[in-house]
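A short write-up of the structure that comes next.
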Number of protein chains: 2
Amino acid sequence: MLNYSTSEENYIKAVYHLQLTDDSVTTNEVAGYLKTKPASVTDMMKKLKAKKLLNYERYRGFRLTAEGTKVALGIIRRHRLWEYFLAEKLRFNWDEVHEVAEELEHITNKKLVDKLDEFLGYPRTDPHGDPIPDANGKIEVTRKICLTELPVNKTATVNSVSDQSSKILELLEHKKISIGTRLEIKKRFEFDKSLEIRIGRQPAFTISSQLAENIFVTHE
Amino acid sequence: MLNYSTSEENYIKAVYHLQLTDDSVTTNEVAGYLKTKPASVTDMMKKLKAKKLLNYERYRGFRLTAEGTKVALGIIRRHRLWEYFLAEKLRFNWDEVHEVAEELEHITNKKLVDKLDEFLGYPRTDPHGDPIPDANGKIEVTRKICLTELPVNKTATVNSVSDQSSKILELLEHKKISIGTRLEIKKRFEFDKSLEIRIGRQPAFTISSQLAENIFVTHE
DNA sequence: AATTATTTTTAGTTTTGTCTAAATTTATTT
DNA sequence: AAATAAATTTAGACAAAACTAAAAATAATT
């Protein structure tokens with residue numbers, strides 16, 4: 001397994017994440033994601049293509065190759081293991097771990113990563129509820145859906161929150177909704193798309209469509 | 001507190017370490033320590049001088065300023081905390097931790113470092129026996145001396161081993177000498193400078209001058 | 001289909017950190 | 001003290017990764 005620079009790794013990771021929702025990833029999307037300029041993206045894409053980490057024809061967008069995906073999963077494995085470490089062992093709040101993990105993920109020493117995994121007890125998901133690839137790069141496919149798409153009376157587990165502003169966190173805290181909370185929708189109101197939801201056996205309460213749109217859940 | 005690049009940090013750390021034994025640090029010493037070229041050292045020293053991290057007049061060698069020392073102690077604090085983490089929590093051997101800590105030390109996030117310190121229980125020394133600076137940059141001054149200089153019948157604690165080759169480690173293991181071992185010299189033989197030493201109440205045994213020259217101890 | 005707008009790429013700079021080779025300064029010998 | 005050796009610095013080049021501005025290709029409109 002070759003070694004890649006921090007910068008190369010950041011681009012690989014960006015393409016991986018953008019690929020999950022978009023079929024083919026564009027220059028502008030990557031530039032937006034990494035807060036860099038399109039010209040810089042083109043430069044790097046040429047380089048990663050030469051290293052056979054992604055397929056790319058000019059003006060046609062990019063997709064990771066099998067090898068590129070393997071590299072991406074290694075980065076994501078490291079990122080999520082460190083996030084878990086920060087939250088579980090160092091008692092960081094779950095909304096503070098990402099930034100620090102962005103730096104730790106670039107240390108590629110295999111023994112470090114595998115020993116960390118062992119120390120943590122081989123966690124399956126990070127503090128945001130996203131699955132952690134194993135040492136072979138295998139990752140659970142969780143079909144994560146938006147809470148707005150969850151059928152009525154189907155119990156689901158809160159997996160992630162797309163917006164991480166303090167405003168939404170304040171609201172979630174007040175409603176006692178956090179990562180890992182199991183809930184179900186009891187009723188949808190067509191007028192304002194608000195949802196009546198229930199956590200366990202507690203009394204049902206209402207959340208707005210704006211809030212629901214930012215909550216993602218897994219079920220089954 | 002400003003932020004410095006990985007490269008700048010490596011030079012600062014090199015000067016700090018070389019300063020401990022040498023009064024003034026030279027270009028060639030730093031180049032040798034960092035396995036880089038003298039011309040590169042000169043370039044960087046100019047830059048660090050401009051940032052007021054060290055004093056330097058051309059052809060005259062370098063010394064860290066108070067500010068430079070503060071930065072160096074921050075790097076050393078991070079390095080040694082991670083070494084402790086790797087050895088104590090991830091069960092790395094004490095001779096494997098340095099290399100990985102060289103990478104981890106460059107992550108400067110203060111909350112990470114202080115939380116790590118807390119998680120580890122505020123350790124005083126790293127796995128090599130070297131003191132860990134506290135959050136304010138305060139470091140214990142341990143007068144570390146070579147085992148060859150230890151007076152007879154004075155109990156001392158093994159602090160570090162200068163050579164880290166597998167050959168010396170094999171010998172140390174056989175003699176049951178490791179970091180933290182408390183021992184005293186019972187007799188010195190002038191002829192070959194060999195030493196008769198005793199660990200606790202066990203029977204005394206002999207070690208060669210070549211071995212003793214590589215063992216450093218603290219006493220009092 | 002031609003024009004306009006958008007996206008992407010190219011070309012040329014910039015910054016950081018490294019290097020080699022040559023020049024300069026300091027140290028050591030004879 | 002002059003000559004030689006060693007250490008250090010300067011000058012100029014290079015690679016990586018970013019940027020700006022202009023050119024080229026693609027997409028969207030009229």
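Just so it is clear, the model here is predicted, and its values are computed rather than measured. In what follows, chains are A, B, ... by sequence order, proteins preceding strands, each numbered from 1.
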- Message: So, OP1 or OP2 of dT9(D): does either fall under 4.0 Å of a side-chain N or O from Thr27(B)?
- Response: yes
- Task: Measure the acute angle between the ring planes of Phe119(A) and Phe85(A), then classify it against the limits of 30° and 60° as parallel, tilted or perpendicular.
- Result: tilted
- Item | Contacts of type side-chain contact (heavy atoms from CB on, under 4.5 Å), residue Thr148(B), not counting sequence neighbours | Cys146(B), Ala212(B), Glu213(B)
- Task: Send over the distance from Tyr4(B) OH to dT16(C) P, rounded to a whole Å.
- Result: 14 Å
- Any pair with a residue in residues 122-132 of chain B that passes salt bridge (charged side-chain N to carboxylate O under 4.0 Å, His left out), sequence neighbours left out, goes on the list, sorted by first then second residue, please. Arg80(B)-Asp126(B), Arg124(B)-Glu140(B), Asp130(B)-Lys144(B)
- Can you list every pair that meets salt bridge (charged side-chain N to carboxylate O under 4.0 Å, His left out) and has a residue in residues 51-75 of chain B, with sequence neighbours left out? Glu8(B)-Lys51(B), Lys49(B)-Glu57(B)
- Is there any salt bridge (charged side-chain N to carboxylate O under 4.0 Å, His left out) pair reaching into residues 13-25 of chain A, and which pairs are they, with sequence neighbours excluded? Lys13(A)-Glu102(A), Lys13(A)-Glu105(A)
- Query: Looking at Asn28(A), does any N or O in its side chain come under 4.0 Å of the phosphate oxygens OP1/OP2 on dT8(C)?
  - Reply: yes
- side chain to side chain donor-acceptor pair (under 3.5 Å): pairs with one or both residues in residues 107-118 of chain A, sequence neighbours excluded: Arg77(A)-Asp114(A), Arg77(A)-Asp117(A), Lys110(A)-Asp114(A), Lys111(A)-Glu96(B)
- Lys46(B) NZ to dT9(D) C1': how many Å, rounded? 7 Å
- Message: Any residue in residues 101-108 of chain A with a heavy atom nearer than 4.0 angstrom to DNA chain D? Just list them by number, or reply none.
- Response: none
Listed pairs, N/O of protein and of nucleotides 18-21 of chain C, under 3.5 Å:
| unit_1 | atom_1 | unit_2 | atom_2 | d |
| --- | --- | --- | --- | --- |
| dT18(C) | OP1 | Ser7(B) | OG | 3.1 |
| dT18(C) | OP2 | Ser7(B) | OG | 3.2 |
| dT18(C) | OP2 | Tyr11(B) | OH | 3.3 |
| dC19(C) | OP2 | Thr36(B) | OG1 | 2.7 |
| dC19(C) | OP2 | Lys37(B) | N | 3.2 |
| dC19(C) | OP2 | Ser40(B) | OG | 2.6 |
| dC19(C) | N4 | Asp43(B) | OD2 | 3.4 |

- Sorted by chain and number, sequence neighbours left out, ring pair (Phe, Tyr, Trp, His ring centres under 6.0 Å) with His98(A) holds for His79(A)
- Item | Residues from residues 50-63 of chain A lying under 4.0 Å of DNA chain D - heavy atoms | Tyr59(A), Arg60(A)
- Item | Contacts of type side-chain contact (heavy atoms from CB on, under 4.5 Å), residue Thr6(A), not counting sequence neighbours | Asn10(A), His106(A)
- Query: DNA chain D: Glu8(A) or Pro38(B), which has the more 5' nearest nucleotide?
  - Reply: Pro38(B)
- Query: Got a sec, which pairs hit side chain to side chain donor-acceptor pair (under 3.5 Å) with one end in residues 27-43 of chain B, sequence neighbours left out?
  - Reply: none
- Message: Tell me every residue that passes ring pair (Phe, Tyr, Trp, His ring centres under 6.0 Å) with Tyr56(B), counting only those two or more places apart in sequence or in another chain.
- Response: Phe62(B)
- Message: Atom CD of residue position Glu149(B) - does it have more than 12 heavy atoms of other residues, nucleotides or ligands inside 6.0 Å?
- Response: yes
- Select base, sugar-phosphate, or nothing to describe what Thr42(B) touches, counting heavy atoms under 4.0 Å on all strands. base
